[in-house]
Amino acid sequence: MRRLRSLIARVVRRRAHRPTVPEATTLSAAAAPGDPGARVGAPVPPDPGSPAEAPGRVDRVNPQPAPLSEVVTTAEHYDVVVIGGGPGGYATALYGASAGLNIAMIEKGKLGGTCLNVGCIPAKELLETAATYLHVSEAAEFGVNVGEPSLDWSTSLARKDKIVDGLVSGLGSLLKGRKVTVLDGHGRLHAGKKVTVSGGSSGDLELSADAVVLAPGSLPRTLPGFDVDGRVVMTSDEVLSMPEVPKTAAVIGGGVVGCEFASMMSDLGTKVTILEALPKILPGLDKDVTRVIEQSFKKRGIEIRTDVKVEGHEPSGSGTSVKVSGESLDVDVVVVSVGRRPNTDDLGLDGTGVVVSDRGFIEVDGTCRTGEDGVWAVGDCIATPALAHIAFMEGVTAVQDVLGEDPPGIDYGKVPWCVYTRPEAAFTGMSEEQAKEAGLEVVTQKSRFNHNGRAMIVNQPEGMVKIVAEKDADGGAGRILGVHMAGPWVTEQLGQGYLAVNWEATVDDMASLIQPHPTMTEVLGEAMISLTGRPLHG
Ligand SMILES: Cc1cc2nc3c(=O)[nH]c(=O)nc-3n(C[C@H](O)[C@H](O)[C@H](O)COP(=O)(O)OP(=O)(O)OC[C@H]3O[C@@H](n4cnc5c(N)ncnc54)[C@H](O)[C@@H]3O)c2cc1C
């Protein structure tokens with residue numbers, strides 16, 4: 001604790017001498033695609049503008065990877081050492097550096113982790129490819145005649161790769177600009193907040209730190225009997241680079257990622273069957289939101305089979321035959337989308353108080369502190385919602401806690417969730433079922449997009465906004481408990497709902513706000529004003 005106090009005092013002193021705090025920049029704006037400023041997965045070269053002897057710089061004592069037993073360096077000391085360069089790790093590094101901390105971040109793969117390389121960004125990019133294909137298919141309805149669209153999948157993949165590379169490169173530049181020391185290799189934590197780095201191009205190093213943040217992320221889960229070959233059996237990692245769009249596919253798992261892949265492939269012409277063990281797809285979403293997605297999927301020919309047991313598969317021809325609840329389903333590819341597991345198997349941790357649960361998650365308290373003093377854990381390696389924006393905020397929380405700023409912690413029941421299927425889904429706060437289970441009396445309102453001018457204009461009138469509000473003393477709608485949306489661009493519309501739930505706004509507060517016309521957010525406004533008992537349009 002004494003060390004932590006001296007760290008805070010040092011940061012305060014350093015801040016006092018800093019002329020400016022580095023300017024906040026967006027990732028995409030930070031560097032143009034292909035910017036040579038940062039090589040993917042490699043340490044950022046020293047900034048020519050900073051003195052070589054700058055405190056915290058790690059000497060490359062051994063540029064060739066060498067076994068850990070050959071580590072001979074003296075520990076280099078940092079304010080914070082971060083293990084993992086995904087959203088959790090890089091948010092910690094960027095935010096900590098903005099606050100004046102001297103930070104080293106260790107990444108064994110590519111900067112940006114799952115999110116930038118094999119998660120959020122490439123998945124949404126391919127969904128946009130599918131949306132573009134669909135727009136062109138429907139262009140004749142607008143009187144725009146372009147003929148039948150055809151897909152050049154290699155160009156689609158190249159565009160996706162270019163966006164990923166641009167963001168990864170931009171991240172490298174941002175880290176470099178904030179003077180974060182990025183090390184390429186496998187990081188492990190040892191007793192006394194010592195961290196070793198090995199097996200990468202930074203060579204074998206030993207670091208010490210006042211604070212360590214663990215952010216090793218997660219890996220796709222697989223199923224017994226479904227060996228991933230990247231051709232017939234794929235996880236999300238492989239789907240995002242699949243060499244061609246299959247004619248038929250089985251998606252095992254109807255969660256968010258599985259449904260996003262189902263939606264994308266179906267819009268590109270694949271006959272998709274979703275196989276889900278639970279009674280409904282998209283568990284966790286309000287039932288009315290799920291219903292909108294299900295109805296749309298079924299209308300488009302996506303087969304949804306719930307309550308089924310996947311028993312294995314038998315390769316046949318160029319595809320395979322999946323055994324499902326005693327029946328066979330012949331498909332070209334199988335996408336195994338059964339969740340992710342924390343990547344905590346090889347983090348060292350011997351002799352530390354860091355506790356890993358039976359399920360592999362690192363145990364933390366409300367501000368992401370582990371059982372070891374001065375060690376935090378953030379992102380997918382802890383049992384909180386596995387979302388990039390949650391990892392970002394956990395990184396921010398950890399840094400604030402390192403600095404003794406007494407962060408409030410994250411209210412995980414009120415975070416924003418987005419599903420990028422067609423139609424999209426988005427929600428925050430309690431579903432109707434959850435509110436009732438919590439013993440609350442609720443009032444609900446559903447307002448639909450099918451009479452909304454903008455939704456009709458863009459030809460996407462499916463869906464609705466559902467508000468869950470607490471019943472107040474006179475039986476009317478009071479505090480807003482949850483906002484649930486399914487429909488066009490709702491991932492971009494959730495913001496108002498997020499603020500309403502988190503600022504504990506009432507229906508009256510929200511109903512008095514003006515929604516611009518014509519926009520899709522008018523549906524949210526309509527739902528709020530309807531809850532006051534005086535609907536305007538519907
Ligand atoms: C297909 C798909 C789509 C997704 N879409 C979304 C979405 O739309 N929105 C959203 O919010 N989330 C989405 N997610 C989830 C999101 O990607 C994760 O929640 C997020 O990446 C977690 O960040 P993280 O930093 O905890 O872990 P990761 O992103 O997994 O990063 C961890 C990093 O640590 C590195 N590492 C691990 N161990 C070590 C070690 N010992 N030494 C050095 N480096 C190490 C890894 O190489 C990796 O780069 C999606 C995920 C998938 C798979």
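Counting starts at 1 for both ligands and their atoms, following the listed order. Everything quoted here is computed from the prediction, not taken from an experiment. Just the heavy atoms: all of them, side chains too, but no hydrogens, waters or symmetry mates, feed the values below.
Checked against a 3.5 angstrom limit, the closest N/O atoms of H389 and ligand 1 fall inside it. Any N or O atom pair closer than 3.5 Å counts here, and E107 shares at least one such pair with ligand 1. Considering backbone and side-chain atoms together, G119 places no N or O closer than 3.5 Å to any N or O of ligand 1. Considering backbone and side-chain N/O of L347, none are found under 3.5 Å from N/O of ligand 1. Of the polar atoms of C381, none of the N or O atoms is found under 3.5 Å from an N or O of ligand 1, judged by distance alone. Polar contact with ligand 1: present for G88 (N/O pair, distance under 3.5 Å).
Inspection of the S218 and D380 side chains reveals an N or O donor paired with an N or O acceptor under 3.5 Å. Defined by atom type and a distance below 3.5 Å, a donor-acceptor pair is missing between the side-chain atoms of T352 and E372. If you check the side chains of T235 and R221, you find no donor sitting under 3.5 Å from an acceptor. Checking T421 against E260 by side-chain atom types alone, no donor-acceptor pair falls below 3.5 Å. At a cut-off of 3.5 Å, with distance as the only test, no side-chain donor of T155 or R159 sits close to an acceptor on the other residue.
Nearest non-hydrogen protein atom to atom 19 (O) of ligand 1 is D380 OD1, 2.8 Å. Considering only non-hydrogen protein atoms, atom 45 (C) of ligand 1 sits nearest to K108 CG, 3.7 Å. Regarding atom 42 (N) of ligand 1, its nearest protein heavy-atom neighbour is G187 N, 2.8 Å.
For an aromatic pair to be called close, the ring centres must be under 6.0 Å apart, and F392 with Y95 fails this.
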Inset, instruction - Kindly indicate, with the supporting measurements, whether the criterion salt bridge (Lys or Arg N to Asp or Glu O under 4.0 Å) is fulfilled by D401 and R369. - result: CA-CA 9 Å; D401 207 19; R369 288 172 188 225; 2.6 Å; yes
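With a heavy-atom cut-off of 4.0 Å, K124 touches ligand 1 through its side chain alone. Of the heavy atoms in Y420, only side-chain atoms (C-beta onward) come closer than 4.0 Å to ligand 1.
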